[in-house]
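Residue numbers count from 1 along this sequence. On a predicted model such as this, the values are computed, not experimentally measured, just so you know.
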Amino acid sequence: QVQLVESGGGLVQPGGSLRLSCAASRSMFVMGWYRQAPGKERELVAIIITTAGSTNYADSVKGRFTISRDNAKNTVYLQMSSLKPEDTAVYYCYAAWGANGYWGQGTQVTVSS
């Protein structure tokens with residue numbers, strides 16, 4: 001089974017930046033980030049095709065977040081800039097290979113002054 005290990009969450013002030021990372025135990029075809037705030041549904045934030053580097057973003061984060069990958073490390077990153085309080089959520093890494101999908105344990109991101 002594939003394991004996903006997330007890191008980089010924490011507390012940051014509005015307007016600040018934070019970078020999340022997710023390392024997979026093997027190469028994955030697609031990797032991305034979802035987030036879930038209390039009382040809300042889990043939503044897609046950004047995804048990337050690891051081979052081609054193609055990306056897609058939620059409208060709410062376009063222009064502020066950048067997803068990237070280091071295929072040699074089986075790792076995906078989420079560079080978050082101009083953070084807003086509404087970005088506060090648990091961020092979950094997701095990865096898929098073949099017909100299988102996997103979830104990370106989640107990392108808390110809190111944007112507050």
Side-chain angles (χ1 to χ4, degrees):
Q1 296 297 316
V2 173
Q3 294 186 1
L4 305 176
V5 180
E6 300 145 320
S7 63
L11 175 65
V12 64
Q13 294 183 345
S17 298
L18 205 62
R19 189 177 77 156
L20 306 182
S21 65
C22 174
S25 58
R26 58 149 291 164
S27 63
M28 307 297 289
F29 178 69
V30 60
M31 298 184 72
W33 294 91
Y34 289 70
R35 67 186 182 187
Q36 187 168 26
K40 296 186 177 181
E41 297 181 359
R42 188 173 298 188
E43 64 173 348
L44 176 68
V45 177
I47 56 172
I48 187 167
I49 305 299
T50 60
T51 53
S54 305
T55 60
N56 194 29
Y57 298 90
D59 288 342
S60 60
V61 307
K62 286 180 179 177
R64 300 188 298 119
F65 290 12
T66 301
I67 189 169
S68 62
R69 88 296 192 192
D70 183 341
N71 288 342
K73 297 181 178 180
N74 299 326
T75 298
V76 66
Y77 305 94
L78 185 67
Q79 178 65 52
M80 304 182 292
S81 300
S82 301
L83 283 162
K84 305 174 180 179
E86 51 262 44
D87 294 318
T88 296
V90 177
Y91 284 69
Y92 296 91
C93 182
Y94 176 81
W97 175 83
N100 302 309
Y102 306 90
W103 291 97
Q105 80 283 357
T107 184
Q108 177 71 46
V109 172
T110 302
V111 184
S112 179
S113 60

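Across all their heavy atoms, Ala52 and Arg69 have their closest contact at C-NH2, 3.8 Å. What you find for Ser60 and Arg35 is that their closest heavy atoms are OG-NH2, 3.4 Å. When all heavy atoms are compared, the tightest approach of Gly106 to Val90 is CA-CG1, 3.8 Å. Across all non-hydrogen atoms, the minimal contact from Met31 to Met28 is CG-CB, 3.9 Å. Across every non-hydrogen atom of Ala37 and Thr88, the tightest pair is CB-O, 3.7 Å.
For the pair Thr55/Tyr57, a side-chain contact is recorded, criterion being any heavy-atom separation below 4.5 Å from C-beta on. A 4.5 Å side-chain heavy-atom check between Tyr92 and Gln105 finds every atom pair outside the cut-off.
In this model, a donor atom of one side chain and an acceptor atom of the other lie less than 3.5 Å apart for Thr110 and Gln108. Side-chain contact of Arg42 with Tyr34: a donor-acceptor pair under 3.5 Å is absent, judged by distance alone. In this model, a donor atom of one side chain and an acceptor atom of the other lie less than 3.5 Å apart for Ser21 and Ser7.
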| said: ring-ring contact (aromatic ring centres under 6.0 Å, His included) for Tyr91 and Trp33? Distances and angles first, verdict last. | reply: CA-CA 7 Å; Tyr91 284 69; Trp33 294 91; 7.1 Å; no
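Hydrophobic clustering keeps Tyr77 apart from Tyr102 (ILVMFWY residues linked when any side-chain heavy atoms are closer than 4.5 Å, directly or through intermediates).
Between Trp97 and Phe29, the ring centre distance reaches or exceeds 6.0 Å.
Around atom CD of Gln3, no more than 12 heavy atoms belonging to other residues, nucleotides or ligands sit under 6.0 Å away. Annotation: Gln13, atom CD; neighbour count of heavy atoms from other residues, nucleotides and ligands within 6.0 Å does not exceed 12. When the shell of 6.0 Å around CD of Glu86 is examined, it contains more than 12 heavy atoms from other residues, nucleotides or ligands.
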